[in-house]
Amino acid sequence: MATIRQAINETIERVRIPTPTRLRDLIRQIRAARTAAEERAVVNRECAYIRSTFREEDSVWRCRNIAKLLYIHMLGYPAHFGQLECLKLTASPRFTDKRIGYLGAMLLLDERQDVHLLITNCLKNDLNSPTQFVVGLALCTLGAIASPEMARDLAGEVEKLMRSPNAYIRKKAALCAFRIIKRVPELMEIFLPATRSLLNEKNHGILIAGVTLITEMCEKSSDTLNHFKKIVPNLVRILKNLILAGYSPEHDVSGVSDPFLQVKILRLLRILGHNDPDASEAMNDILAQVATNTETSKNVGNTILYETVLSIMDIKSEGGLRVLAVNILGRFLLNSDKNIRYVALNTLLRTVHADISAVQRHRSTILECLKDPDVSIRRRAMELSFALINSQNIRAMSKELLVFLEKADPEFKAQCSSRMVHVAERYATSIRWRLDTLLSVLIAAGNYVRDDVVSSTIHLILNSPPEEQAYIGLRLWSSVHNVANSEEKQPLLQVAVWTIGEYGDLLLSSERIEEHQLVDVYQRLLWSTSVSTTTKQYALVSLAKLSTRIRTKEEETRVKQMIEAFGSHLNIDLQQRGVEFAQLFREYSHLRPALLEKMPKIQKTLPNGTDGEGVVGAFDDQQPSIDLIEGGDDGDSSLMINTGVVGVGKIGSDSRALLDLLGGGDDPIDGLGLTPTADVLISGSTNTTTNGKSVPVPAPTAGNNQDLLDLLGSLDMPASTPPAAVNSSLSSTGGGTPAMLGGIGLDLNSLNDNSIKNGTGGGLLANSSSFGGLDNLLNSNLSPTIPTMPAVTGLVGSPLGGGVLGSLTSPTSPVVNSTTTNGSSLFSDFSAAVINNNDEHAKLLTALDKNGILVQLSAKHTGGALQILMTATNNSLTTLEQYLFQAAVPRSFSLQMLSPSGSTLAPGGTITQEMRVTSTAKATLRMRLRISYQSDGNPVQEQTEVSGFPEEPTE
């Protein structure tokens, strides 16, 4: 009777209230509007009508009005006034009303709205509904709009539904659980028991939902990841059945059986097999079957192959399987679809470090991609080409890249030219070839060349032999002698005029160039309006230097007149140069030859520890040159910091922490036992001297001395023990030349009785007999009256001699290749036995595998010491900058570190660093590591501890 009465009342209402516009009619009206104003008029008129029906509590047409309001909301107009009406529809007993009500709730409600809390009870009631479609609506809505509070209240209901006998409800519940875990990861444990049973289902929908849920759980929790590694055989079985199964019309997509489920399973296998040899071994065979049996003629098959390649490269797969994966990507490069080619290049760039020899086989195809019309493909092909360059193919690859650079878009020229310079610096086979390459880069890139290319070219010319300087001078002269569009090649002009000014005598001695020709070119450049101010600055200085290389008075007079003309130039910098150089032609003419003589060769230390002077060796893309802060000859004792960063002024907390560890006091002088009158270059009010320039150093902040103590942690270092002193490579060349102790350099000749007092600094330095040979290195300059102290071992390094100066090194700067007085290197033992990750006798330890960065230590006993090679690999798509690796060992060990191979990790790139550990007592080695870097400008710091190093073999 109640139902009949309700139907009669609704019929009466329909008769009494006029019928509203249908949704399809509203859509037609809006689409028929010719202007935005007409559309707004239609929408405003309809919204006003809908508001009036809401005020009149019109329950008959509420469903139709909410449907129209949702369409208006999708067009971008405000529809918040319909939120409560949506809740009324969800409480309706009719399914059609619930469907529109829940759809409106998902679109109009979020957790920021108070109305959001009112729907919880309605959801709970519908989750227990006997109708599966009502339950499905409630699960979809809960997954879409669940707040953390709502998820905690209803998680138990969802877990019960995951065990429902109804397959439709189980699938919906699994997907809802996935959304809940994504919002509230701590609710994961509630769903664990019911999740594993989902993989035993025959229904593919439930399988996809279950695999998706397990993937999310494994990504959120490492404990859950270990728990689900037991299901690898089940996943392998499901994937095998999909491959071998016959045609199934309900699951077939372009001839492939359920590619969506295959992709989901492959992605989960990749997560489960990462850094797990056992799990990887279990899935090697099935990955090989998928890679060989999948049809590649359709895009569906390429999708599965792509996921297979990612899985093979990410797990501990066999070498042959990796080659197969790279070959699949090579076939992708030949595909006509540019999206597939881009995916292949992107994946090869990420995986090139895993098997570079396999990628090298496809080098010609990759180089062909440099000519692709698509700009994204050209960019990825360029990056991959640079990643493939080595000492064997440098000439062939550079030739192709120079052709690409010449025709490349302006957006590529700057990056390509800089990387060309760096790879030439790293892999060049001869100085002449490198000079020719840099000149070709300057000509091809024009004004798009960065400043680092100009400085690198000048540095190379400066350190080249005289015959090479004359050769490149003649080539530069011929390049700029008839420059048609000089404004398009300003960097080339800058290098050319610098070289001609420095080595004009070598050019003139070749008898190919006359003096008046040189002066004519300078006059044309300095008087040209198309030449930049920077180039004119180069040219003016070069012209002043050239005046001491030419011999005829007539040309010297022309040079003088040209320089004096700039004394009234509008540009203040050029005017100052003109005035000052003009003075050298007048009352100070006797000083001109000495002041304008050739520049001395610049000492440049490369990351491999070798001197960069005249050497063609490895050099990292972003590795800064090394500036050693030298002490004067006046005998003042100096404490100097080597930061390894150009333009110092950046002696930060790490350097301060090192000094605090030496003494522990606020005054760094006390820590080394130096007198208060010593010249200390690291206090807050002093300046650091680099390359003859005084650079102010920022004052240290409080608490920096805790940095290294945190790193040492519990590695058997008592708090009362002064943590460390200084050690690394030590040299003394006599005559006031400073030696470098780790990251801190001391003027060793200044360590005399006047600078080291008895009892100063708590007696950190021991007497000469305790140095165990260190006094010989210092040429016996240490006073024999220095008080003694027990040996202390600290962070990163090894005790010199008897170990009184503890093991402390700042790895932020490459180690200086210093020598002792007899010319032997302290680090010569490192080159005795080079180890690598492929050494069958070395033990490979994984120190860190997080956020796409993999740090591994390869350890091997050689010559009574443990040789360790640290390899850091960037598996992410982001370039990591300012990479810093620090290590600490217990004081029963000593540690020496060579400089890292670089400080920047490009995607797929690696950084290596060698270490040597010696034992002073029978103990088990544990190493505390701190790894810091910047990702997208955000600093990241990781700290870990590594053990399990190989024991020293017994006789």
(message) Quick one, Ile366 with Val359, criterion side chain to side chain contact (heavy atoms under 4.5 Å, CB included). Give me CA distance, side-chain angles, the key distance, then yes/no.
(response) CA-CA 9 Å; Ile366 294 169; Val359 182; 4.2 Å; yes
(request) Mark yes or no: Arg380 above the aromatic ring of Tyr342, with NZ or CZ under 6.0 Å from the six-membered ring centre and no more than 45 degrees from the axis. (result) no
(message) With a sphere of 6.0 Å drawn around CZ of Phe386, does it hold more than 12 non-hydrogen atoms of other residues, nucleotides or ligands?
(response) yes
(request) State whether the side chain of Asp409 and the backbone N or O of Phe412 hold a donor-acceptor pair below 3.5 Å, judged by distance alone. (result) no
(request) Identify the two heavy atoms, one from Arg549 and one from Leu508, that lie closest to each other, and give their separation to 0.1 Å. (result) O-CD1, 4.0 Å
Name every donor-acceptor pair, under 3.5 Å, that has one atom in a side chain of residues 589-599 and the other anywhere in the protein, sequence neighbours excluded.
unit_1	atom_1	unit_2	atom_2	d
Ser589	OG	Arg586	O	3.3
Arg592	NE	Leu584	O	3.2
Arg592	NH1	Ser547	OG	3.1
Arg592	NH2	Glu556	OE2	2.8
Lys598	NZ	Asp505	OD2	3.2

(message) One thing to verify: whether Lys338 and Asp372 come together as a salt bridge, which I'm taking to mean a side-chain N less than 4.0 angstrom from a carboxylate O.
(response) no
(request) Could you tell me the separation between the OG1 atom of Thr437 and the CG atom of Leu402, rounded to the nearest 0.5 Å? (result) 6.5 Å
(message) Taking Ser528's backbone N and O only, do any of them form a donor-acceptor pair with Lys536's side chain (distance below 3.5 Å, no angle check)?
(response) yes
(request) Decide yes or no on side chain to side chain contact (heavy atoms under 4.5 Å, CB included) for Val453 and Thr457, but give the supporting numbers first. (result) CA-CA 6 Å; Val453 176; Thr457 307; 4.2 Å; yes
(message) A side-chain contact here means heavy atoms from C-beta on lying under 4.5 Å apart; do Phe566 and Leu526 qualify?
(response) yes
(message) Can you confirm whether Met313 sits close enough to Arg350 that some side-chain heavy atom of one is under 4.5 Å from a side-chain heavy atom of the other?
(response) no
(message) Quick check: closest heavy atoms across Ser385 and Leu401, and the distance to 0.1 Å?
(response) CB-CD2, 4.0 Å
(message) Closer than 3.5 angstrom, by distance alone: can the side chain of Lys413 be matched with the main-chain N or O of Leu405 as a donor-acceptor pair?
(response) yes
(request) For Ser532 and Gln494, work out which heavy atoms get closest and say how close. (result) OG-NE2, 4.4 Å
(message) When you compare the side chain of Ile472 with that of Leu460, does any pair of heavy atoms fall below 4.5 Å?
(response) no
(request) Ignoring hydrogens and angles, state whether a donor on the side chain of Arg558 or Gln561 is under 3.5 Å from an acceptor on the partner side chain. (result) no
(request) May I ask you to check whether Tyr471 and Asp436 show a side-chain donor-acceptor distance below 3.5 Å? (result) yes
(request) Would you indicate whether the side-chain heavy atoms of Val495 and Ile461 approach each other to under 4.5 Å? (result) yes
(message) For a quick test of reading the model, state the closest non-hydrogen atom pair linking Leu877 to Pro907 and the distance between them.
(response) O-CG, 3.6 Å
(request) For Cys416 and Phe404, run side chain to side chain contact (heavy atoms under 4.5 Å, CB included): C-alpha distance rounded to whole Å, both residues' side-chain angles, the deciding distance at 0.1 Å, then the answer. (result) CA-CA 9 Å; Cys416 186; Phe404 168 75; 4.1 Å; yes
(message) Do Glu515 and Leu518 have side chains that approach each other closer than 4.5 Å (heavy atoms only, starting at C-beta)?
(response) no
(request) Could you grab the distance from atom CD of Glu554 to atom NE2 of His516, nearest 0.5 Å is fine? (result) 9.5 Å
(request) Verify whether one side chain among Gln469 and Ser464 offers a donor that lies under 3.5 Å from an acceptor in the other. (result) no
(request) Could you tell me whether Glu383 and Arg419 have a side-chain N and a carboxylate O separated by less than 4.0 Å? (result) no
(message) Taking atom CD as the centre, does Gln583 end up with more than 12 heavy-atom neighbours from other residues, nucleotides or ligands that are less than 6.0 angstrom away?
(response) yes
(message) What I'd like to find out is whether the side chain of Asn393 reaches to under 4.5 Å of the side chain of Arg363, using heavy atoms alone.
(response) yes
(message) Using every non-hydrogen atom in the two residues, find where Arg395 and Ser430 come nearest and quote the distance to one decimal.
(response) NH2-OG, 4.0 Å
(message) Within the 3.5 Å criterion, strictly below it, is a donor on Asp355 or Ser357 matched to an acceptor on the partner's side chain?
(response) yes
(request) Look only at the side chain of Asn874 and the backbone of Ser876, and say whether a donor-acceptor pair between them is shorter than 3.5 Å. (result) yes
(message) Going by salt bridge (Lys or Arg N to Asp or Glu O under 4.0 Å), name the pairs with one or both residues in residues 440-450, residues two or more places apart or in two chains.
(response) none
(request) Anything under 30° is parallel, anything over 60° is perpendicular, the rest tilted; go ahead and classify Tyr883 against Tyr933. (result) parallel
(request) Could you please spell out the steps behind the side chain to side chain contact (heavy atoms under 4.5 Å, CB included) verdict for Lys489 and Val480? (result) CA-CA 9 Å; Lys489 294 182 172 59; Val480 302; over 6 Å; no
(message) Could you check whether any side-chain N or O of Ser935 sits under 3.5 Å from a backbone N or O of Asn938, counting only pairs where one atom can act as donor and the other as acceptor?
(response) no
(request) For residues Pro466 and Leu506, report the shortest heavy-atom separation together with the two atoms involved. (result) O-CD1, 3.8 Å
(request) Can you measure from CG (Asn463) to CD1 (Ile431) and round to the nearest 0.5 angstrom? (result) 8.5 Å
(message) Would the distance check show the side chain of Ser456 and the main-chain N or O of Asp452 forming a donor-acceptor pair, the cut-off being under 3.5 Å?
(response) yes
(message) Are the side chains of Leu333 and Cys369 in contact, using a 4.5 Å heavy-atom criterion?
(response) yes
(request) Would you check if Leu492 and Ser479 make a side-chain contact, meaning some heavy-atom pair closer than 4.5 Å? (result) yes
(request) For the pair Thr910 (side chain) and Thr873 (backbone), establish whether a donor and an acceptor sit closer than 3.5 Å, ignoring hydrogens and angles. (result) no
(message) Using modelled atom types and a 3.5 Å cut-off, is there a donor and acceptor pairing between side-chain atoms of Glu881 and backbone atoms of Thr904?
(response) no
(request) Please round to the nearest 0.5 Å and tell me the distance separating atom CD1 of Ile572 and atom CD of Gln576. (result) 7.0 Å
(message) I'd like to know whether Gln490 forms a side-chain hydrogen bond (donor to acceptor under 3.5 Å, both in side chains) with Thr535, so could you lay out the CA-CA distance, the side-chain angles of the two residues, the decisive distance to 0.1 Å, and finally the verdict.
(response) CA-CA 7 Å; Gln490 298 291 330; Thr535 304; 2.6 Å; yes
(message) Nearest 0.5 Å, please: how far is CE in Met382 from CE in Met420?
(response) 11.5 Å
(message) When you compare the side chains of Asn875 and His353, does any donor N or O come within less than 3.5 Å of an acceptor on the partner?
(response) yes
(request) Can you establish whether the number of heavy atoms outside Asp520 located under 6.0 Å from its atom CG is more than 12? (result) yes
(request) Look only at the side chain of Arg378 and the backbone of Lys371, and say whether a donor-acceptor pair between them is shorter than 3.5 Å. (result) no
(message) I'd like to know if the side chain of His422 and the backbone of Ser418 have a donor-acceptor N/O pair within less than 3.5 Å.
(response) yes
(request) Working to the nearest 0.5 Å, report the span between CG of Leu384 and CG of Asn346. (result) 10.0 Å
(request) Using side chain to side chain contact (heavy atoms under 4.5 Å, CB included) as the criterion, list what pairs up with Arg577, not counting sequence neighbours. (result) Gln537, Leu540, Val541, Asp573, Phe581
